[in-house]
Structures are given as structure tokens and as C-alpha cells.
Amino acid sequence: MEIASKYNPRAVEEKWYSFWLEKKLFHSEPDRRKPYTVVIPPPNVTGVLHMGHMLNNTIQDVLVRRARMMGKNACWVPGTDHASISTEAKVVKMLAERGINKRDLSRDEYMKYAWEWKEKYGGIILKQLRKLGASCDWDRTAFTMDDIRYESVIQVFVDLYNKGLIYRGARMVNWDPQALTAVSDEEVIYKESHGKLFYLRYFVEGEDKYIVVATTRPETIMGDTAVCVHPEDERYQWLKGKNVIVPGVGRVVPIIMDEYVDREFGTGALKITPAHDINDYNLGMKYNLNSIDIFNDNGTLNDNGGKYAGMDRFACRKAIMKDLEESGLVEKIEDYVNKVGHSERTDAVIEPKLSTQWFMKMSDIAKKALEVVEDGTIKFHPEKFKNTYRHWLENIKDWCISRQLWWGHRIPAWYFDVNGKMEIVVALNEEEAKKIAADKYGYTGELRQDEDVLDTWFSSWLWPISLFDGIRNPDNEEIKYYYPTDDLITAPDIIFFWVARMIMAGEEYRGEVPFKNVYFTGIVRDKLGRKMSKSLGNSPDPIELIEKYGADGVRMGMLLTAPAGNDLPFDESICEQGRNFANKIWNALRLVKGWAVSDELQQSPENEVSVQWMEQRMACVLEQIEKDFEQYRLSEALMNTYKLIWDDFCSWYLEMVKPAYGTPIDRETYLSTIAIFERLMCMLHPFMPFITEEIWHLLQDTDSEAKAELIAQSSIMIQHMPVSVFFDQRMLDDCAMAQDVVTGIRNLRNSRGLSPKEALELFVVCGDGKQMNSRFDGIIKKLANVSKINYVNEKVEGTISFMIGTTECFVPMSQNVDVEAERKKLEEELKYAEGFLASVMKKLGNEKFVNGAPEKVVAVERQKKADAEQKIAALKAQIANLK
RNA sequence: GGGAGUUUAGCUCAGCUGGUUCAGAGCACUUGCCUUACAAGCAAGGGGUCAUUGGUUCGAAUCCAAUAACUCCCACCA
């Protein structure tokens with residue numbers, strides 16, 4: 001069979017992904033095996049794959065594929081999030097393209113369009129994940145607004161309301177004037193912005209004196225209802241009990257005194273606008289001040305804005321300042337840098353706004369959620385995120401869960417008036433609401449359902465439960481089997497939004513944590529360390545990367561640079577390493593498959609020992625890899641696998657057993673090699689699923705048709721992951737010694753320009769009990785092209801030498817030796833050895849060390865001394881010999 | 001303002017409870033090779049006062065303190 005010299009990922013990847021799907025190898029049903037469950041962090045239904053997803057899902061796939069091969073019933077559930085605000089934006093855009101204005105639509109009509117959009121464009125990202133090789137159980141694909149999830153959300157809302165954990169109230173909320181909805185505290189991003197600090201004059205009522213107040217938001221003076229100073233501020237004692245006139249507005253407002261004011265800031269006087277600032281709101285409550293709302297929902301001024309009514313808030317700021325300056329009411333204007341809240345979803349400047357919203361009480365539920373992380377029931381990787389988590393939960397505020405949108409789970413609350421008073425009924429549906437209204441209030445008329453929907457996170461916090469229908473049917477077989485899930489892989493920026501709340505929901509609805517481990521990935525940055533973003537254009541298109549380097553190559557590139565919790569500076573060139581590795585493996589296959597196999601040939605002792613060594617080596621590295629996985633050190637695990645395959649298997653093992661050109665290999669060695677290769681592919685499969693599947697198939701013995709058919713129907717995915725076994729460290733050490741000899745000879749050839757084709761003779765001085773294990777002689781001969789190895793007691797004349805530890809090796813040279821260069825080299829080595837000895841002697845000469853240090857450490861030092869002395873003697877002799 | 005973290009080779013990072021895994025890995029780099037699996041390769045090699053300064057100790061990359069630089073999170077003084 002002719003195999004191309006370059007690995008071509010594209011065809012291979014398509015072929016195997018459809019094969020896996022066709023064979024339903026990703027599908028999971030409860031059975032007797034132990035489950036291993038992962039739920040995908042549901043990407044926005046509007047989303048397209050970006051590098052963050054690539055990283056996150058690659059990690060999940062590695063863990064899932066490994067668990068599957070370890071004999072667990074692995075179930076990775078995919079799905080998407082309805083993402084209310086961003087979907088709303090997409091739908092509005094689609095409508096605009098068709099010349100439709102959202103405002104002209106009824107809620108039902110709008111929802112029809114929204115679903116249409118979702119069916120047509122939503123979830124592209126899930127298709128893209130297939131290109132990456134994600135082994136999700138697609139039969140379980142869910143959506144946060146599909147029937148099961150929708151009903152679960154409503155049920156939870158009703159339940160929490162009945163438990164008194166959800167309430168409705170007027171609060172200061174973060175208002176997004178672009179999306180026209182409230183957003184939670186967590187959805188506000190504070191960004192540094194360069195603005196101005198305006199110093200305005202507030203004249204005292206009936207006097208010609210004024211007080212200067214500094215503000216960054218002069219447009220809100222329309223809503224001023226007081227000016228506040230510190231009660232102990234000497235400068236303002238004279239103002240006690242007086243009123244001042246709001247500049248430009250003419251309203252008379254009181255001076256109040258409160259310790260809240262920072263005397264150092266600005267002039268130490270603060271204007272109070274209770275409707276538009278959270279702190280002012282609190283002061284307003286305390287001093288019973290009027291609250292004048294001057295803004296419309298979209299951020300323009302309302303009728304309270306007087307002549308500025310209808311103007312946008314930022315235009316208004318300019319206009320007011322112009323007017324005030326003309327009236328001589330401006331003291332000065334300074335440049336000022338402060339942090340301004342922006343909406344995470346729309347980037348609009350957030351407006352604090354008083355409005356009636358639904359909230360969820362957090363304090364009790366937060367305590368439980370903190371406990372399970374503190375006591376290690378849930379482990380965070382890396383652990384440092386425990387701190388962040390703790391801090392948030394200890395300072396948690398109630399969660400604003402209502403959003404003024406249509407796309408989402410509509411709040412199941414109905415309103416009606418009884419005797420002129422508005423009553424609220426919360427129920428699973430309108431029918432039940434009517435029943436309650438009738439039973440409880442004797443009301444039988446029409447009900448009005450709340451117009452708002454729930455925060456998107458109010459559905460995703462149930463995800464690990466609702467995916468298995470554990471809210472509606474808490475005792476069903478699936479939830480009992482798959483819950484709690486095992487590992488959650490997510491980015492640290494949603495630790496509050498999502499991770500913390502899922503833990504709360506788990507406690508509340510299952511009395512059990514939703515997952516055992518949380519692996520926080522880093523943030524993918526560009527090589528300059530900047531966050532990847534559309535506006536910078538510094539984010540590579542993952543699909544293009546896959547086409548260029550193969551999915552396996554990209555996966556490897558991502559993983560190599562991604563220790564848990566560290567940001568990864570992503571550079572496309574790292575994918576090259578992955579691609580090159582795939583090619584390397586491919587060529588190893590070409591070599592092995594190119595061998596003629598002989599049944600007559602007996603296995604040589606060299607081949608026998610090579611096979612033994614490789615097996616020991618694998619066992620040793622496997623142990624390391626298992627540790628890496630236990631600690632979620634995936635990049636280490638991959639690196640160890642990489643080195644095992646490239647260095648140990650390709651560079652050493654294959655060279656050891658490779659038959660001379662044109663000659664066959666004995667069957668025993670061949671079969672062992674295939675078996676080793678196969679196991680290596682199993683070890684690598686979680687990282688590079690496609691090429692390993694391809695090679696696994698090509699490696700199989702398919703001499704009979706029946707067997708070939710069997711193999712064709714099978715997959716590496718369902719093979720057993722090799723596990724570590726006891727290994728012989730002595731053998732590994734012995735071989736390492738032989739490898740050092742080979743390297744020594746190669747080095748010698750290299751530095752003296754000797755052709756590798758010219759065979760050399762090797763003398764090894766043994767004695768003093770130190771021996772080289774001659775089991776590896778054959779290998780040395782083969783790999784270093786040595787014709788004969790002589791074990792001698794004496795130094796050999798007319799040779800050049802090198803040392804492996806304390807063992808001296810000599811190679812006779814047919815050509816003239818550059819004595820001067822040789823001497824220089826040896827003398828340098830001698831100098832180093834003497835320096836080394838001196839430092840050891842110093843230690844040993846220190847009585848405190850000899851008495852204080854553990855015996856073992858002192859013994860080691862003594863050994864060092866003996867070795868160094870031996871080496872120095874040998875070097876001196878060699879120098880003397882050079883004449 | 002509060003908190004957390006980072007600083008080790010040109011780059012990205014390992015380095016656990018102080019001592020032969022102590023100065024490591026991969027990539028990059030240098031030199032020589034188109035050697036019949038692979039130039040997306042082979043062989044060999046050169047790179048580091050472990051951020052700085054003190055302290056503890058027989059002994060510090062490792063423990064402690066201070067300093068500096070960077071990163072992130074939280075709070076949001078108008």
C-alpha cells in the first residue's frame with residue numbers, strides 16, 4: 001500500500017466524524033457503568049465559534065474522551081442559551097432588513113419572528129463544534145427555551161416565589177437605555193473614561209452667596225432635590241438649615257448634612273439626585289427627599305427636563321453647560337478620569353434608574369453555596385478562584401431577575417385589581433392563576449400577565465439539572481444516574497453569573513452539588529497579550545485554522561499553551577507544532593507499515609530488549625500522565641505524551657528495531673511494535689482524536705476479510721486507555737546510560753567531522769564495581785555505528801575519550817587527532833570538575849553541615865566527592881596520555 | 001480604596017513538604033546533514049545572578065519581610 005508522505009487531515013477528519021455519528025459512539029444511556037457527565041457551558045444561540053470556545057470545548061472533549069476510554073459511561077450534553085439581549089438585537093436587525101419595526105408588532109407576532117430567526121440562524125456554533133471533533137451526545141441537544149427547560153424555569157420561579165425567596169419591588173437598578181431593560185450588577189462593566197468635572201454655583205436662597213458643587217453629570221441637575229455637605233465641614237457650617245437654588249433650574253432645595261460626603265473630593269459639597277444615582281437614592285430615602293425622574297427609558301430627557309425635554313442625555317449635558325456658562329453659574333471645568341458603567345451586552349452607558357423589578361433573595365442560599373466550595377465538596381482548578389468566589393458570596397446582594405424584553409421566559413405573574421388595589425398571583429399558567437385569583441380574592445375577571453421576561457442566567461443556573469429533566473421529574477432515572485455531573489469547564493469571567501448560581505440551584509433543588517470539579521480556563525489573548533475582540537480584528541477564525549492545520553493540530557496548539565487558569569497568548573504558529581506532530585506520527589506509520597515481516601527470522605536480543613525498554617518507558621510515562629490528569633494539568637499530560645511518542649518511540653525505539661534497508665523484521669518484534677503503537681494512539685486519542693482513529697485502523701491486522709470488516713466497524717474510541725503498571729527503573733537507567741554513550745559517540749563524530757558511515761570501535765573502561773549493562777551493547781552498535789565494544793581495565797593509547805558519569809569511553813581514531821584542541825577540551829572539563837569538587841569539599845568541611853544535615857544528604861555529598869575525584873583522576877590521566 | 005495573583009533561557013511555562021530530577025521542558029536559535037518514514041525532518045550544540053534587597057538556615061528558585069513591575073477581581077468619591 002502506498003501512503004502519502006504528508007498527512008492530510010481534511011478528508012480523514014470528515015470521514016471519522018461521520019463514522020462516529022453513524023455508530024452513535026457519542027450517545028449515552030444510563031447503564032451499569034459509572035457515569036462521567038459534563039454539561040457544555042451553553043454558548044449563545046447567536047454565537048459563532050471563537051478561540052475561547054475552541055479552548056473550552058477542546059478541554060471538555062479531552063476529558064470526556066479519556067473518561068470514555070477509561071470505561072466510564074461518558075455523557076457530554078450540548079446545547080445553546082437563548083441569550084435574551086443579544087438575540088433580541090439580531091431579531092430586530094432581521095426585522096429592520098425586512099422593513100418591519102418591532103414596535104408595530106404584537107408580542108406574539110414578534111415571538112414568531114424570533115423563533116424563526118432561531119431555527120434558521122441559531123446554533124451555528126454547535127455545527128462548528130463538530131469540526132473540532134467534539135464528542136457531544138447530539139441526541140441530547142437542548143436549548144434553554146425548549147419545552148422542558150422552559151417549564152423547569154417557570155416551575156422554579158413559582159416555587160421560589162412561594163418560598164418567599166422571590167419578591168417584586170421598586171429599587172434602583174442598572175438600566176440599559178439601548179436595550180431598554182434592567183440588567184444585573186454583574187452585567188455592568190466599569191470602564192475608565194476621560195470626562196470633565198464641572199464646578200457649578202448654587203446660590204443660597206435670599207442671599208448673594210453661593211456654594212460650589214462639583215459634578216460629572218450636570219444634566220442631572222434637573223433632578224436635584226438637595227445639596228449635601230459633611231456635618232463637620234468647617235467651610236459649610238454657615239449653610240446649616242439654609243436652602244440653595246439649583247442653577248439654571250431655579251428650584252429651591254435644602255442643604256442637608258451627612259457623613260457620607262467625602263470632604264476631600266471636589267469642593268466637599270455634593271448635589272443629590274435621588275432618581276439617578278444609587279448613593280443619592282439612599283440619601284434621599286434617609287432624608288425623605290423628593291425623587292424627580294428626568295429621563296425616559298431610552299436615555300432622553302422627559303418632561304421634567306423642561307426645555308431640554310426630548311434631548312439625549314449627552315447632548316443635554318453640552319446644552320446645559322452652555323446655558324450655565326452664559327448665566328455665569330459655572331465656576332470652572334476640570335479634566336477628570338472616572339469609571340463609567342457600561343452594559344455588558346450593548347455597551348451603552350448604564351443609567352441608574354428607579355424601577356419596579358423582580359428580585360431574588362440571595363443571602364441564605366449563598367451561605368450553602370459557599371460552604372460546599374470551602375469544604376472541598378467542589379474543587380476549583382486552579383484553587384485561587386476560591387478567594388474570588390468567597391468574596392462575592394460574602395458580599396452578595398439580591399439578584400435582579402426581570403428583564404424588559406420579549407425573548408425569554410415570561411414571568412408567570414398575573415395582575416388584576418380588586419377594589420382598586422392591584423393584586424399579584426404567581427402560578428404555572430394562566431389557568432391556575434385564574435383559579436388562585438378566584439379562590440383567594442374572589443376575582444373572576446381578566447388577568448394581565450407581567451410583560452417582563454427572566455434574566456437569561458435564571459435559566460442557565462438550572463442547566464445541570466434541567467438537562468436531565470430533574471426539575472419537573474426529580475426522581476427520573478436520568479437525573480439520578482447522571483447527576484451530579486463530574487467536571488465543569490468554564491471561563492473565570494462567569495464564575496458569579498453562572499458557576500455560583502448553579503451551585504445554589506443544585507443545593508436548592510437536588511440538595512447536592514451540581515459538579516465535583518470546576519476547571520477554569522484562561523482567556524485567549526493575542527500574542528501581544530490583548531484580549532481577542534472583533535473590534536481589534538486580532539482573533540483568528542477557528543474554522544480557517546482548522547482548515548489550515550487540521551483540527552488535531554489546532555487542538556494540540558491550544559492545549560500546549562493552556563495551563564489551567566493561565567491566560568494563553570495565542571499565536572497561530574503554535575498550531576504548526578500540532579500539525580508537525582500529526583505528520584510525524586503519520587510517518588512513523590509509513591515506516592512501520594513499510595516493513596516486510598519474516599516468520600523465519602528469530603527475534604534478536606537487541607530487538608527483545610528494545611521492546612522491553614519501550615514498554616517500561618510507557619509504563620513510567622503513563623504514571624506521570626495519570627498524575628497530570630488527576631491535577632487537571634492537561635498541557636503537561638499532552639507534553640508528556642508528545643515526548644513519549646516523538647522522542648522515545650520515534651527517535652529511539654523505532655531506530656532501535658528498524659531493520660536495515662531491504663531486510664525484513666521478525667514477526668515478534670513487528671507485532672510488539674504494532675501493539676505499542678496502538679497503545680500510544682490510545683493515549684493520544686483524547687487530545688488528537690482524528691489522526692489517532694485513522695492510524696488505529698491502519699495499524700490493525702486485516703489479513704482476513706472477516707477481520708477487516710470487524711475492524712472497519714470498530715473504533716479507537718471504545719478501546720481501553722492503557723493504565724500504568726509497575727516498571728523497572730533499573731532498566732530505564734541502564735538504557736539511559738546506553739543512550740548517553742550513543743549521544744557521546746554522535747557528538748564526537750559531529751565535532752570531528754567524522755561520517756556516520758564510518759564504523760568506530762569503542763572501549764569502555766570498567767572496574768571499581770561500575771559496569772555498563774551489556775544488554776544494550778547491540779543497540780549502541782546499531783545506533784552509533786560501532787563495530788565492536790571492548791570492556792577493558794586500562795586506558796587505551798591513541799584514542800580520544802569521553803565520559804559518561806564516571807565511566808570512561810575511548811574511541812580509536814584512524815585519522816590524526818588535533819592534540820591541542822583535545823587537550824583544551826579536557827582541561828576545561830577538568831577545571832569544571834575541580835571547581836565542583838571544591839564546592840563539595842567546602843560543604844563536607846563544614847561541621848555544622850555534617851552534623852546538622854540528614855545522613856542521607858551527607859552520604860550523597862560523599863558520593864559526589866568520590867565521583868568527582870575519580871573523574872578528575874581520569875581526566876588527568878587522559879591529558880597526560882595526549883602526547 | 002479592598003483583595004488575589006504573577007515575576008525562572010529570546011518566547012510560553014514546569015519546578016510539590018528547603019538538600020542529585022536543581023537550575024528543567026517545549027518552541028525559537030546555532031552548527032552539520034536532501035542518511036530509503038518524516039526538511040512539517042535527522043543529529044549535535046549554545047542560552048538563565050531564578051525581579052531587587054534583606055532575613056531565617058549548615059544549606060534558599062523554594063520559607064519570611066520589604067521594594068519594584070505587571071495582571072486580574074471586587075467596590076464605585078459626586
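To find a chain, count down the sequence lines: A is the first, B the second, and so on, and within it residues start at 1.
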Pick the nucleotide of RNA chain B nearest each of K6(A) and G268(A); which residue has the one closer to the 5' end? K6(A)

Starting from the 5' end of RNA chain B, give me the residue, Q624(A) or Y7(A), whose nearest nucleotide shows up first. Q624(A)

Scan residues 636-645 of chain A against RNA chain B and write down, sorted by residue number, each residue with any heavy atom closer than 4.0 Å; if none is found, say none. E636(A), M639(A), Y642(A), K643(A)

Using the side-chain heavy atoms of [X], tell me which of these nucleotides is nearest: [options].
X: L591(A); options: A43(B), A37(B), C74(B); result: A37(B)
X: N580(A); options: A44(B), C76(B), A40(B); result: A40(B)
X: W646(A); options: A37(B), C76(B), C42(B); result: C42(B)
X: Y336(A); options: A44(B), A37(B), A78(B); result: A78(B)
X: C650(A); options: A43(B), A37(B), A78(B); result: A37(B)

Report yes if the ring of Y661(A) lies under 5.5 Å from the six-membered base ring of U36(B) with planes under 30°, and no otherwise. yes

Test: K339(A) cationic atom under 6.0 Å from Y190(A) six-membered ring centre, within 45° of axis: no

Is the NZ or CZ atom of R617(A) positioned over W652(A)'s six-membered ring, under 6.0 angstrom from the centre and within 45° of the axis? no

Do the rings of [X] and [Y] sit parallel, tilted or perpendicular, given the 30° and 60° boundaries?
X: Y389(A); Y: F380(A); answer: perpendicular
X: F687(A); Y: F629(A); answer: tilted
X: Y653(A); Y: F649(A); answer: parallel

For RNA chain B, list all stems, counting runs of three or more consecutive pairs where every pair is Watson-Crick or G-U wobble with both distances under 3.5 Å. B:1-7 with B:68-74, B:10-13 with B:24-27, B:29-33 with B:41-45, B:51-55 with B:63-67

Is the count of non-hydrogen atoms from other residues, nucleotides or ligands lying under 6.0 Å from [X] atom [atom1] greater than 12?
X: E374(A); atom1: CD; result: yes
X: M362(A); atom1: CE; result: yes
X: Q729(A); atom1: CD; result: yes
X: K782(A); atom1: NZ; result: yes

Whole-angstrom distance between [N] and [M], as gauged at atom [atom1]:
N: G5(B); M: A65(B); atom1: P; answer: 12 Å
N: C27(B); M: A40(B); atom1: C1'; answer: 14 Å
N: U6(B); M: C13(B); atom1: P; answer: 12 Å
N: A9(B); M: A4(B); atom1: P; answer: 26 Å
N: A61(B); M: U7(B); atom1: P; answer: 15 Å
N: A44(B); M: U8(B); atom1: C1'; answer: 26 Å
N: G47(B); M: U31(B); atom1: P; answer: 16 Å
N: C22(B); M: A37(B); atom1: P; answer: 38 Å

Need one value for [X]: base, sugar-phosphate or nothing, where a base atom within 4.0 Å counts as base even if backbone is also close, heavy atoms only.
X: V592(A); value: nothing
X: R633(A); value: sugar-phosphate
X: S651(A); value: sugar-phosphate
X: T743(A); value: sugar-phosphate

Between the base of C38(B) and the side chain of K584(A), is there a donor-acceptor distance below 3.5 Å? yes

Hey, is the side chain of E655(A) pairing donor to acceptor with the base of A37(B) inside 3.5 Å? yes

Integer-rounded Å distance: A37(B) C1' and I585(A) CD1: 13 Å

Could you give the CD1-to-P distance, from I350(A) to A75(B), as a whole number of Å? 14 Å

Short side-chain donor-acceptor distance under 3.5 Å, Q624(A) and D628(A): yes

Regarding W586(A) and E694(A), is there a side-chain donor-to-acceptor distance under 3.5 Å anywhere? no

Since syn is defined as within 90° of 0, does U49(B) count as syn or as anti? syn

Can you build the contact string for nucleotides 30-35 of chain B? Use B for base contact, S for sugar-phosphate-only contact, and - for no protein heavy atom under 4.0 Å. ------

